[in-house]
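To start, the structure under review is shown below, and the notes come after it.
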Protein chains: 2
Amino acid sequence: MSISLIIVEDLKEVRDGLKNFIGLSSDFKVLDTFQTAEEALIEIPRLKPDIVIMDINLPGMSGIECIRLIKNKTPATQFMMFTVYENDEKVFEALKAGASGYLLKSTGLVQLIESLKELHNGGSPMSANIARKLVNVFQKNETNLPEIETLTFRENEMLQMLAKGLLYKEIADKMNISINTVKQHIHNIYEKLHVQNRTEAINKALGKK
Amino acid sequence: MSISLIIVEDLKEVRDGLKNFIGLSSDFKVLDTFQTAEEALIEIPRLKPDIVIMDINLPGMSGIECIRLIKNKTPATQFMMFTVYENDEKVFEALKAGASGYLLKSTGLVQLIESLKELHNGGSPMSANIARKLVNVFQKNETNLPEIETLTFRENEMLQMLAKGLLYKEIADKMNISINTVKQHIHNIYEKLHVQNRTEAINKALGKK
DNA sequence: TCAGTCCACTAACTTTTGTTCTATTGTTGA
DNA sequence: TCAACAATAGAACAAAAGTTAGTGGACTGA
């Protein structure tokens, strides 16, 4: 069974180039191609392709917006971004919208074919720089405040519960201590983190930007 | 200039197999291999390899802990996880600790060589499933609650300030309205989001798991 | 072994948050 | 034009959060 796909790309040369090259492989079947997100919006839910190759910069609606709008109508379809944009904003926005792969247009055609297979196989092929961007997000989020490490075991427990939105009373019950003790622990946390209230403590401890 | 590397892996067959195979390529130079994280901990900062291939499950200290401890001593060294673990916890923990690539041991040797080059080139090579895990994190974090959309403009403003940990009084001053109005708006937010307090509202609105 | 420190704990008190009820004004869509 | 909604606000009250002061046990270095 070959992999069905649709191409959304406004430039005729790129669109036809992709279609012709991918069509050479018996593993794929190009169902149709579109120049605009608006057309794709109507046709993709009808054709239900395995994969959509999506450009970002289209006349009118962007490719990202297009994915956002149809993602939940066609849950089985996988979206592969294929674009020149490699700035963080576009990358993260596209992934959040529902794309599962992200290739730059500098990618070779042979590599593209491999990536499409990988995508269909449950992977998330990405150009080298793009993958690194994702990894960086994790590393940056790593909380590394020296203050946090001075928290005692009990204080850390408190912080976790605090972050869930539990009341002092609920924390006290769960830990079998008096509500006053809870208050004292939390007060100590605030001092160590140099904050004034619950929300600031949570923001600081759980690595917000 | 060839890429220098170090292998940390407790199983002799795997360790020697990697060393011999990678050694065949003139692009790489295997500086040394270690069986434990404890040995690696001392030698890596001294040898300053371009790349470390790191197993997770080692006798004694884990490979992840090892990376965490030396990452800031050797900022130029890139860490490639090479392991059988593909559960979320290990993957994210490793990336947070400072790994930039994550390959499963099922990866073919030729693919491994390619991935090492990609890593050295600023990419973040990952096995297909691993990459998909990362992408999923982004997609899950995407707030998609129908309730949020029913919030009015003013309510959304409140929510943003609330999330910063501002007091009602501070919000009132900033918006030039009475503190009673602030209370009223926030009360309405809580009703719409079906929550009981500030922390729950923030958690719900800002897409915590 | 003794002084100093840290941790877990508690009570009494103040401030902030959250609820409830009422009411006015301006906007909008059926 | 009428109903619904958004934004505003006062006021009284209840509940939760946060502050301050202090106790006792365990450990630690001199």
Side-chain angles (χ1 to χ4, degrees), chain A residues 69 142-209, chain B residues 61 65 68-69 143-209:
Chain A
L69 291 174
E142 182 65 335
T143 309
N144 204 14
L145 299 172
E147 293 96 331
I148 298 273
E149 303 183 2
T150 72
L151 293 185
T152 67
F153 180 73
R154 213 57 166 166
E155 286 163 356
N156 263 304
E157 286 185 296
M158 295 283 163
L159 197 49
Q160 294 311 313
M161 304 214 220
L162 218 50
K164 286 183 191 160
L166 298 188
L167 302 182
Y168 286 178
K169 167 136 185 37
E170 295 174 312
I171 298 177
D173 288 351
K174 201 163 279 197
M175 293 182 131
N176 280 315
I177 53 179
S178 120
I179 192 172
N180 294 300
T181 307
V182 174
K183 290 179 182 182
Q184 182 52 47
H185 280 305
I186 288 173
H187 180 71
N188 291 338
I189 294 174
Y190 294 172
E191 281 202 327
K192 288 186 183 175
L193 300 184
H194 311 299
V195 298
Q196 269 69 57
N197 60 48
R198 183 191 277 242
T199 308
E200 286 182 9
I202 297 171
N203 284 346
K204 193 147 191 174
L206 279 58
K208 282 271 186 59
K209 57 188 168 286
Chain B
M61 185 187 295
E65 190 54 29
R68 198 173 284 134
L69 290 174
T143 308
N144 202 13
L145 299 172
E147 293 96 332
I148 298 274
E149 299 177 8
T150 72
L151 293 185
T152 68
F153 180 73
R154 212 56 167 166
E155 286 164 355
N156 264 304
E157 284 186 299
M158 294 282 164
L159 200 47
Q160 295 309 314
M161 304 217 216
L162 218 50
K164 286 183 191 159
L166 299 187
L167 302 181
Y168 285 180
K169 166 136 185 37
E170 294 174 313
I171 297 177
D173 287 352
K174 200 163 280 197
M175 293 181 129
N176 281 314
I177 55 179
S178 120
I179 192 171
N180 291 303
T181 307
V182 174
K183 288 182 184 180
Q184 187 55 53
H185 279 305
I186 289 173
H187 180 72
N188 291 339
I189 294 174
Y190 294 171
E191 280 202 328
K192 286 186 182 175
L193 300 185
H194 311 298
V195 297
Q196 269 69 58
N197 61 49
R198 184 191 278 241
T199 308
E200 286 182 7
I202 296 171
N203 284 345
K204 192 147 192 174
L206 279 57
K208 283 271 185 56
K209 51 176 165 291

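Atom set for the values below is all heavy atoms of this structure, side chains included, hydrogens, waters and symmetry mates excluded. So that the names make sense, note that chain A is the first sequence line, chain B the second, and so on, each numbered from 1.
- Distance check, rounded to the nearest 0.5 Å: CG of A/Leu193 to CG of A/Asn203 gives 11.0 Å.
- Between A/Arg198 and B/Thr199, the shortest heavy-atom distance links the atoms CD-OG1, 2.9 Å.
- Residue order along DNA chain D, read from the 5' end via each residue's closest nucleotide, puts B/His185 first among B/Asn197 and B/His185.
- The closest side-chain heavy-atom distance from B/Glu200 to B/Asn197 is below 4.5 Å.
- Using a 4.5 Å heavy-atom threshold, the side chains of B/Tyr168 and B/Asn180 count as separate.
- Note that CD1 of A/Ile189 is 5.0 Å distant from CG of A/Leu159, once rounded to the nearest 0.5 Å.
- Rounded to an integer number of Å, the gap from CD1 of A/Ile186 to P of C/dT16 is 18 Å.
- Taking atom CG on A/Leu167 and atom C1' on C/dT17, their separation rounds to 12 Å, with Å as the unit.
- Using a 4.5 Å cut-off on side-chain heavy atoms (C-beta onward), A/His185 and A/Ile171 make no contact.
- A/Asn188 comes within 4.0 angstrom of no nucleic acid atom, judged by non-hydrogen atoms across all strands.
- Taking a 4.0 Å limit (strictly below) on heavy-atom distances, residues 171-184 of chain B reaches DNA chain C at B/Lys183, B/Gln184.
- Side-chain atoms of B/Glu155 do not come within 3.5 Å of backbone N or O of B/Leu151 as any donor-acceptor pair.
- Distance CD/B/Gln184 to CZ/B/Arg154: 14.0 Å, rounded to 0.5 Å.
- As a whole-Å value, the separation of A/Phe153 CZ from C/dC7 C1' is 13 Å.
- In this entry the distance linking CD of B/Glu170 with P of C/dT15 reads 16 Å, nearest Å.
- The side chain of A/Arg154 contributes an N or O atom lying less than 4.0 Å from OP1 or OP2 of C/dC9.
- Between the side chain of A/Lys204 and the main chain of A/Val195, no donor-acceptor pair closer than 3.5 Å is present.
- Side-chain contact check for A/Lys174 versus A/Glu170: every heavy-atom pair is 4.5 Å or farther apart.
- When DNA chain D is scanned 5' to 3' for any atom under 4.0 Å from a heavy atom of chain B, the first and last hits are D/dA6 to D/dA11.
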Point to revise | B/Leu167/A/Gln196 under side-chain contact (heavy atoms from CB on, under 4.5 Å): CA gap, chis, key distance, verdict | key: CA-CA 10 Å; B/Leu167 302 181; A/Gln196 269 69 57; over 6 Å; no
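- The terminal axes of the helix from C/dT1-D/dA30 to C/dA30-D/dT1, fitted over 5 pairs per end, subtend an angle of 50° to the nearest 10°.
- Rounded to an integer number of Å, the gap from A/His187 NE2 to C/dC7 C1' is 15 Å.
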